[in-house]
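Since the structure is predicted, the reported quantities are computational estimates derived from the model, not experimental observations.
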Amino acid sequence: MLVVSFGTSYNDTREKTIGAIERKFVEEFPEYEVRRAFTSRVIINKLLKRDGIKIDTVTEAMDKLINDGFKTVVVQPTHIMNGSEYDGLAEELKPFYTAFDSIVCGEPLLTKSEDYDKAVDIIAEETEAVKDKETAVVFMGHGTEHYADAAYAALDYRFKARGYNNVFVGTVEGYPDIDQVIAYVKNCGYKKACLLPFMIVAGDHANNDMAGDEDGSWKSEFEKNGIKTQCVIKGLGEYSGIQNMFVQHAAEAIKKLGE
């Protein structure tokens with residue numbers, strides 16, 4: 001079982017998120033050997049140069065599986081949506097389908113409609129600030145130029161449809177952006193906000209773009225607008241329910257083996 005993540009150069013959050021998801025796979029699928037691959041070459045190169053840590057690319061990991069004699073492979077991404085990273089993974093896997101007796105690839109976190117409902121309820125239940133109806137809970141996603149960017153607005157809508165009216169979703173590089181989110185929060189009359197990353201890991205974007213003290217960070221922009229702000233540096237990979245969703249996606253992929 002190859003667990004494929006974008007990756008992060010932040011060692012602490014890597015173990016709390018990606019590492020935790022991988023350990024959950026080891027626990028839930030004892031009949032499989034669980035291995036790791038990252039899709040970000042920038043992060044792979046940085047970890048090797050800075051820490052001497054070698055992480056395989058998907059191609060390197062697949063070549064090793066061939067050389068080690070494996071015949072069945074389950075690839076499970078920890079990507080949030082069917083965006084450019086997932087498209088790239090699917091493309092990178094294509095040459096390997098004839099090299100194994102059976103190979104399947106699981107779905108990203110938010111793929112089916114019911115995935116949104118599950119994720120929303122898990123995150124709301126595991127996020128203490130959501131229970132304070134006087135606080136706007138704002139999740140910061142990455143955003144993308146890929147058409148999958150629509151998932152963030154859909155997620156925001158789904159939170160409210162599930163009854164979490166004080167939850168808002170924005171993005172660093174997509175839609176909705178920070179200006180729109182701040183406008184929504186102010187229009188709803190909130191004077192307090194809790195910011196959290198909607199990303200598997202709490203890395204550079206969470207620590208700097210969201211929680212940084214410098215001008216232009218989400219924290220700074222919310223406070224400029226008169227909203228008292230606190231930040232929670234917790235990646236989605238730390239939520240036990242989210243870990244279980246990836247386990248479920250992998251289990252669904254396993255059912256397709258041999259079809």
Taking everything shown except [X] itself, do over 12 heavy atoms lie less than 6.0 Å from its [atom1]?
X    : atom1 : answer
E223 : CD    : yes
E145 : CD    : no
K54  : NZ    : yes
R23  : CZ    : yes
E173 : CD    : yes
K224 : NZ    : yes
K192 : NZ    : yes
E134 : CD    : no

Restricting to non-hydrogen atoms, name the atom on [X] and the atom on [Y] that form the minimum distance, rounded to 0.1 Å.
X    : Y    : result
P77  : G106 : CD-O, 3.3 Å
H146 : D87  : NE2-OD2, 2.7 Å
T78  : I200 : O-CG1, 3.1 Å
Y190 : N165 : OH-O, 3.9 Å
Q180 : P176 : OE1-CA, 3.1 Å
A99  : I66  : CB-CD1, 3.6 Å

K255 with E252: basic N within carboxylate O range, under 4.0 Å: no
Tell me whether the NZ or CZ atom of K160 lies within the 45° cone about the ring axis of F168 and under 6.0 Å from its centre.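 Checked: cation-pi criterion met.
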Can you confirm if the NZ or CZ of K24 lies within 45° of the ring axis of F246 and under 6.0 Å from the centre of its six-membered ring?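 Pair K24/F246 does not count as cation-pi.
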Give the intermediate values and the outcome of side chain to side chain contact (heavy atoms under 4.5 Å, CB included) for residues K191 and I227. CA-CA 5 Å; K191 302 298 183 184; I227 301 168; 5.9 Å; no
Exam field: side chain [X] to backbone [Y], donor-acceptor pair closer than 3.5 Å:
X    : Y    : value
D209 : A206 : no
T171 : G143 : no
T127 : A129 : no
D215 : S220 : no
Q76  : A250 : yes
N225 : E221 : yes
K256 : C105 : no
H79  : M81  : no
Y97  : I103 : no
R162 : Y157 : no

To the nearest 0.5 Å, what is the distance between [atom1] ([X]) and [atom2] ([Y])?
X    : Y    : atom1 : atom2 : result
E22  : I18  : CD    : CD1   : 7.0 Å
L257 : F100 : CG    : CZ    : 12.5 Å
L195 : W218 : CG    : CH2   : 8.0 Å
M199 : F6   : CE    : CZ    : 10.0 Å
L196 : I123 : CG    : CD1   : 9.5 Å
Y164 : D156 : OH    : CG    : 14.5 Å

Working for side chain to side chain contact (heavy atoms under 4.5 Å, CB included), residues T13 and K234: CA-CA 8 Å; T13 190; K234 180 182 180 181; over 6 Å; no
For the pair D68 and R35, evaluate salt bridge (charged side-chain N to carboxylate O under 4.0 Å, His left out) and give the outcome as yes or no after the intermediate values. CA-CA 12 Å; D68 291 342; R35 297 191 178 186; 2.9 Å; yes
Determine, using the 4.5 Å side-chain heavy-atom cutoff (strictly less than), whether [X] and [Y] are members of one ILVMFWY cluster.
X   : Y   : result
F70 : F29 : no
V73 : Y86 : yes
I43 : Y10 : no

Side-chain donor-acceptor pair present, T59, E92, cut-off under 3.5 Å: yes
Between T17 and E238, is any side-chain donor less than 3.5 angstrom from a side-chain acceptor?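 Note: T17 and E238 side chains miss the donor-acceptor criterion.
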List the steps, then state whether salt bridge (charged side-chain N to carboxylate O under 4.0 Å, His left out) holds for R36 with D56. CA-CA 7 Å; R36 168 186 290 181; D56 288 335; over 6 Å; no
Within the structure provided, determine whether V172 and H142 are in side-chain contact (heavy-atom separation under 4.5 Å).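 Answer no - side chains too far apart.
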Pair S5-T39, side chain to side chain contact (heavy atoms under 4.5 Å, CB included): steps then yes or no: CA-CA 6 Å; S5 304; T39 56; over 6 Å; no
Over 60° means perpendicular and under 30° means parallel, so tell me whether F139 and F159 are parallel, tilted or perpendicular. parallel
Apply side chain to side chain contact (heavy atoms under 4.5 Å, CB included) to L47 and R14, showing your working. CA-CA 12 Å; L47 288 174; R14 186 170 62 250; 3.5 Å; yes
